[in-house]
Amino acid sequence: MIPTLRVYLLLLAGAGVATLLSIFWKHEASLTVAIGLMLLWDVLVLGVMVLDGLLGRKCRVTVQREPLYKLSIGRDNPITLQVTSQSTTAELQIYDASPLKHFEISQPILKAKLPANHTETLTYTAKPTMRGEYKWGDIQVRQLSPGKLCWMDWKIPHSTKAEVFPDLVGLRSLSIRLTLQSTGAMKQARRMGIGTEFAELRDYATGDDPRLIDWKATARRSRPLVRVLEPEQEQTLIILLDRGRLMTAQVQGLQRFDWGLNATLGLAMAGLRRGDRVGVGVFDRALHTWIPPQRGQAHLNHLLERLTPIQPELLEPDYLGAVNAIVSQQSRRALVVVITDVVDTTASAELLVALTRLAPRYLPFCVTLRDAQIDKQAHQFTSDVTSNYARAVALDLLAQRQVAFAELKRQGVLVLDAPASQISDELVDRYLQLKLRNQL
């Protein structure tokens, strides 16, 4: 039991009365009587407080944490507690023992006041910054006694474990977007005749390309018919994800590797939705993980299961070795996407050599994750000397990156450089554009 402010005020009041009695009552035993009365008052107040706490045990609330499903890294995952009061109004504070390391908790202590016989849902958010398995401990509850003389404090055993996965929330949003595009924009693309694979015949409409008219079908049916084409299916998409030294850096609260992993899974989902065969490789000094190209949505679950436990390492990546390993296993033409980071032409010389070796047999695509903080420093004007020096360094880094990108483009390599937090959406959009333009 923890005394409330009301108890301390009552004890202070007793001490005050005893002091006044000893001052104004002119008697030899006044001090002894005052101290005796004060102690008696203190015992009475503390006794009533204990009794209030014991009676309040019958009014304890029940707290139940809803099951913790797969948590998404870098997202505010809602954690829900169901609280039910008994026959009296309940004023309480709840501390849910969430992990302290690698988590940002919105409300460490939840406060609520419930009417009698009422159930309320309390929610806070947990934002993990690293993947893995974490333990949620017991639930600590502190409830005000019926007489408001003490806080009743007890623990509810409710330990459980929760796994932190890549950005599953982002994948669900992407799945919805791809579905809408399939029923809207993709149909419009088919009507425009974009693609190489025959889909169906339909009546000629104003604005259609006359080159798409099927003259044999037109002659048979005595009305102009055009061929509807759609992007070629069952192509091959290979994603190579760097887990080396540069990918360990923190960018906007997450490791660069985690942003790259989110982009990998998003691109894999888009490829599988478009009927492509998708394979994924993760590399550092060697090809750490290789998942051969497969089709079908079930393959996405396999990718998620295999890739989630992987963490970046402080190792220099062997781009040439990774590319050679893929080339030896993938004979047919494919879109090869390498997700990494670029510093300058000197530090990234091996990456330039590896990607240029892929062309023209394969379609190489270099994806880099830019740090938005460097962009901010490069465009932030100030009179401070130190800040200006940092700005000069940031501008030089950006300039060196652009030189490296220009060399890649000159060698026929596709390039996408975007802030880490936007890379998933921009990469998927770029891939869909490549499909529609039949660049693969």
- prompt: How about Tyr431 and Phe365: are their ring centres within less than 6.0 Å of each other?
  reply: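 Distance test on ring centres: not under 6.0 Å, no.
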Just verifying a value: how many Å separate [X] [atom1] and [Y] [atom2], rounded to the nearest 0.5 Å?
X      : Y      : atom1 : atom2 : result
His102 : Thr129 : NE2   : OG1   : 6.5 Å
Asp371 : Gln250 : CG    : CD    : 10.5 Å
Asp318 : Leu351 : CG    : CG    : 11.5 Å
Leu174 : Leu168 : CG    : CG    : 12.5 Å
Ile239 : Leu267 : CD1   : CG    : 4.0 Å
Arg243 : Leu307 : CZ    : CG    : 11.5 Å

task: Check the pair Leu254 / Met130 against side chain to side chain contact (heavy atoms under 4.5 Å, CB included), numbers first and verdict last.
output: CA-CA 7 Å; Leu254 298 181; Met130 184 168 286; over 6 Å; no
[Y] and [X], any side-chain heavy atoms less than 4.5 Å apart:
X      : Y      : value
Tyr134 : Glu163 : no
Pro78  : Tyr124 : no
Leu416 : Cys366 : no
His288 : Glu313 : no
Leu355 : Leu358 : yes
Ile310 : Phe257 : yes
Lys155 : Ile139 : no
Asp42  : Val45  : no

Of all heavy-atom pairs between [X] and [Y], which one has the smallest distance, and what is that distance?
X      : Y      : value
Arg401 : Val342 : NH1-O, 2.7 Å
Lys70  : Phe165 : CG-CE1, 3.5 Å
Leu300 : Ala268 : CD1-CB, 4.4 Å
Pro312 : Gln255 : CG-OE1, 3.5 Å
Ala354 : Leu320 : CA-CD1, 3.7 Å
Glu426 : Ala418 : OE1-CB, 3.5 Å

Closer than 3.5 angstrom, by distance alone: can the side chain of [X] be matched with the main-chain N or O of [Y] as a donor-acceptor pair?
X      : Y      : result
Ser387 : Asp384 : no
Ser175 : Leu171 : no
Thr356 : Val353 : yes
Ser85  : Pro115 : yes
Asp167 : Ile73  : no
Thr80  : Glu66  : no
Ser106 : Thr125 : yes
His118 : Thr84  : no
Ser145 : Asp52  : no
Asp284 : Gly244 : no

Are any of the side-chain nitrogens in [X] or [Y] under 4.0 Å away from the carboxylate oxygens of its partner?
X      : Y      : answer
Asp96  : Arg65  : yes
Glu316 : Arg245 : yes
Arg177 : Asp429 : yes
Arg370 : Asp341 : no
Asp76  : Lys127 : no

- request: Determine, stepwise, if the pair Ile326 / Leu287 fulfils side chain to side chain contact (heavy atoms under 4.5 Å, CB included).
  value: CA-CA 9 Å; Ile326 297 303; Leu287 191 60; 4.3 Å; yes
task: Check step by step if side-chain hydrogen bond (donor to acceptor under 3.5 Å, both in side chains) holds for Asp417 and Thr368.
output: CA-CA 5 Å; Asp417 180 45; Thr368 57; 2.7 Å; yes
Side chain to side chain contact (heavy atoms under 4.5 Å, CB included) between Leu54 and Met1, worked out: CA-CA 9 Å; Leu54 293 175; Met1 299 180 192; 4.1 Å; yes
Just checking [X]: does its [atom1] atom have more than 12 heavy atoms from other residues, nucleotides or ligands closer to it than 6.0 angstrom?
X      : atom1 : value
Trp41  : CH2   : no
Arg285 : CZ    : no
Arg357 : CZ    : no
Gln297 : CD    : yes

- prompt: Testing Val141, Ile94, Thr119, Leu110 for side-chain contact (heavy atoms from CB on, under 4.5 Å) with Val83, which one passes?
  reply: Ile94
- prompt: Yes or no on side-chain hydrogen bond (donor to acceptor under 3.5 Å, both in side chains) for Asn117 and Gln86, after CA distance, side-chain angles and deciding distance?
  reply: CA-CA 5 Å; Asn117 301 312; Gln86 303 301 321; over 6 Å; no
query: Given Gln329 and Trp290, is the side-chain hydrogen bond (donor to acceptor under 3.5 Å, both in side chains) satisfied, shown in steps?
result: CA-CA 10 Å; Gln329 300 185 52; Trp290 170 241; 2.7 Å; yes
- request: Under the side chain to side chain contact (heavy atoms under 4.5 Å, CB included) rule, what do Arg131 and Gln311 come out as? Steps first, then yes or no, please.
  value: CA-CA 8 Å; Arg131 286 168 290 110; Gln311 298 291 348; 3.4 Å; yes
